[in-house]
Colleague: 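Sharing a structure, written as structure tokens. Questions coming.
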Amino acid sequence: VEQWAAYGYLVLDNDYEGVSVPDPLALMRATAAHEFHHAIQFGYDINDELNWFYEATATWFETQTFIEDQDATPYVPDLFVTPDICVGGANDATAPLRIYAEWLLIDSIAQDHGAQSIQRLWEWVADVEGMPAFYGFAEELNTTPQDVVLRYAIRNLLLDYELSSQFSDRVRVEANINGVGAVVPRQDGVQELGVEYLLITDLRPYTFQIDQPNLSLYVVGVDQPSGTAQVFELGQGGAVDTSVFTHAYVIVFNTDLHDSPAFCTETSWTLTVGDGAGATFAQPLGENFSAAQFIPAG
């Protein structure tokens, strides 16, 4: 029994005359794709409590249909300026269209699990309300919500998307690591399933230790000549020789889940950076990530 399915219809202006964009017909095609996907969504669930399911996948659908005419990439800066906000986080004056920009999360999932997996996500949304639909979907993919979001965060840093050449911004760097000592966020803490990016400006061996049990550390080392990146999972702490990379970043990842973006909370943190000379270095994860389109952030 379809509890929340609904009929839908579209009404579109036939030429978008008077819309102040360079190519009104291109915007019409992008809008048609976006709104058509909303009609598909309503056949699954007309009124889930989370808007991000609707807007993120409808915006992603633009990139899968009229890729030359998509209107998805202009939303990306709203996401990149707020990487520390929880998935589906409430829009505000800083990033009023952030949930549209979360089409990058949908694209990251599709890269890893195929475009057909997004249909399965909507089958979960039809049966389960709110964030538990996303969590159950991730488990069905034999992964975890944390791993899904981590891979998305890494791709955001590396610009590992087909359309990244059209992005007008890079992820916000929360702090620089210039040597040993304590590092704290410039602005605020990090919400559930959010990340902070820290730029290592002085590349050498380091130890890293975070002071909050719900935060995990990852180091991303980029070898720009080869267009590849390695990722080191440190948990609460560990050591990495960053001198072997052309660029390196620390990701502070809040691994806590949340029931609703309306109730997300920030975790503040202090990162202790030490001299890693003589330390036992962490081994990278077994996967090389693509940095073919990487442009340094920070």
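Both backbone and side-chain heavy atoms feed into the values below; hydrogens, waters and symmetry mates do not. All values reported here derive from a predicted model rather than from experimental measurement.
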Colleague: For the residue pair H37 and W122, does the interplanar ring angle fall in the parallel (under 30°), tilted (30 to 60°) or perpendicular (over 60°) class?
Modeller: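 The rings of H37 and W122 stand perpendicular, inter-plane angle above 60°.
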
Colleague: W269 and V183: which non-hydrogen atoms are nearest, and at how many Å?
Modeller: CZ3-O, 3.3 Å

Colleague: Start with the C-alpha distance between D71 and T31, add both sets of side-chain angles, then the distance that settles side chain to side chain contact (heavy atoms under 4.5 Å, CB included), and finish with yes or no.
Modeller: CA-CA 8 Å; D71 194 39; T31 302; over 6 Å; no

Colleague: Determine whether the side chains of Q230 and E287 contain a donor N or O and an acceptor N or O closer than 3.5 Å.
Modeller: no

Colleague: Between R172 and E196, does at least one N-O distance fall below 4.0 Å, as a salt bridge requires?
Modeller: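 Salt bridge present between R172 and E196.
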
Colleague: Between Y44 and W124, is the ring centre distance below 6.0 Å?
Modeller: no

Colleague: If you count the non-hydrogen atoms of other residues, nucleotides and ligands that lie under 6.0 Å from CD in E162, is the total more than 12?
Modeller: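 12 or below, so no.
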
Colleague: Over all heavy atoms of both residues, which pair between R155 and Y161 is shortest? Give the atoms and the distance, please.
Modeller: CB-OH, 3.5 Å

Colleague: For Y197 and P83, work out which heavy atoms get closest and say how close.
Modeller: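 Looking at all heavy atoms of both residues, the shortest contact is CE1-CB, 3.7 Å.
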
Colleague: Under 6.0 Å from the CD atom of Q187, do we count more than 12 heavy atoms belonging to anything else shown?
Modeller: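 Yes.
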
Colleague: Indicate yes or no: at least one non-hydrogen side-chain atom of V231 is less than 4.5 angstrom from one of I154.
Modeller: yes

Colleague: Kindly work out whether a path of hydrophobic side-chain contacts (I/L/V/M/F/W/Y, heavy atoms less than 4.5 Å apart) joins L285 to F232.
Modeller: no

Colleague: With sequence neighbours left out, which residue pairs that include part of residues 288-298 fulfil the side chain to side chain donor-acceptor pair (under 3.5 Å) condition?
Modeller: S164-Q293

Colleague: Would a line drawn from the ring center of H247 to the ring center of F294 be shorter than 6.0 Å?
Modeller: yes

Colleague: Ring-plane angle category for F80 and F167, please: parallel below 30°, perpendicular beyond 60°, tilted otherwise.
Modeller: perpendicular

Colleague: Given the rule that I, L, V, M, F, W and Y join up when any side-chain heavy atoms are under 4.5 Å apart, are V171 and L79 in one cluster?
Modeller: yes

Colleague: Would you say L50 and M131 make side-chain contact, with heavy atoms under 4.5 Å?
Modeller: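 Yes, side chains in contact.
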
Colleague: If a pair satisfies disulfide (SG to SG under 2.5 Å) and one of its residues is in residues 166-217, list it, with sequence neighbours excluded.
Modeller: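 Disulfide (SG to SG under 2.5 Å) check on residues 166-217 returns no pairs.
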
Colleague: Between D107 and Q64, is there a side-chain heavy-atom distance shorter than 4.5 Å?
Modeller: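 Yes, side chains in contact.
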
Colleague: When you group the ILVMFWY residues by side-chain heavy-atom contacts below 4.5 Å and let the links chain together, are V244 and L199 in the same group?
Modeller: no

Colleague: Between D147 and T144, do the side chains contain an N or O donor and an N or O acceptor separated by less than 3.5 Å?
Modeller: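 Looking only at side-chain atoms, T144 and D147 do not form any donor-acceptor pair under 3.5 Å.
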
Colleague: Shared ILVMFWY cluster between V76 and V173, side chains joined below 4.5 angstrom?
Modeller: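 Yes; V173 is reachable from V76 via cluster members.
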
Colleague: Could you tell me if the side chain of F253 sits less than 4.5 Å from the side chain of L193, heavy atoms only?
Modeller: yes

Colleague: Does W52 have its ring centroid less than 6.0 Å away from the ring centroid of F134?
Modeller: yes

Colleague: What pairs with A229 under side-chain contact (heavy atoms from CB on, under 4.5 Å), at least two apart in sequence or on another chain?
Modeller: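 Scan of A229 (side-chain contact (heavy atoms from CB on, under 4.5 Å), adjacent residues dropped) gives L158, V220, V222, F289, A291.
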
Colleague: Does CG in D259 sit with more than 12 non-hydrogen atoms of other residues, nucleotides or ligands closer than 6.0 Å?
Modeller: no

Colleague: Is there a path from V87 to V128 through hydrophobic residues (I, L, V, M, F, W, Y) whose side chains come within less than 4.5 Å of each other?
Modeller: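 V87 and V128: one cluster.
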
Colleague: Do D78 and Y100 touch side chain to side chain, with heavy atoms closer than 4.5 Å?
Modeller: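 Sidechains of Y100 and D78: no contact.
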
Colleague: Please state whether the rings of Y54 and F42 are parallel, tilted or perpendicular, taking 30° and 60° as the class boundaries.
Modeller: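 Taking F42 first and then Y54, their aromatic rings sit tilted (interplane angle of 30° to 60°).
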
Colleague: For the pair D160 and R151, find out whether any cationic side-chain nitrogen is under 4.0 Å from an anionic carboxylate oxygen.
Modeller: no

Colleague: Is the shortest heavy-atom distance from the side chain of W103 to the side chain of E62 under 4.5 Å?
Modeller: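 The answer is no; the side chains never approach within 4.5 Å.
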
Colleague: Taking side chain as C-beta onward, heavy atoms only, is L215 less than 4.5 Å from T255?
Modeller: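 Result no, sub-4.5 Å side-chain heavy-atom pair not found.
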
Colleague: Find out whether D211 and T272 are in side-chain contact, i.e. whether some heavy atom of one side chain is under 4.5 Å from a heavy atom of the other.
Modeller: no

Colleague: Work out which heavy atom in T59 is nearest to a heavy atom in A72; give both atom names and the distance.
Modeller: CG2-CB, 3.4 Å

Colleague: Taking CZ in F36 as the centre, count heavy atoms belonging to other residues, nucleotides or ligands within less than 6.0 Å. Is the count above 12?
Modeller: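 Count not over threshold, so no.
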
Colleague: Would you please say whether a donor-acceptor pair under 3.5 Å links the side chains of T265 and E192?
Modeller: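 Looking only at side-chain atoms, E192 and T265 do form a donor-acceptor pair, the distance falling under 3.5 Å.
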
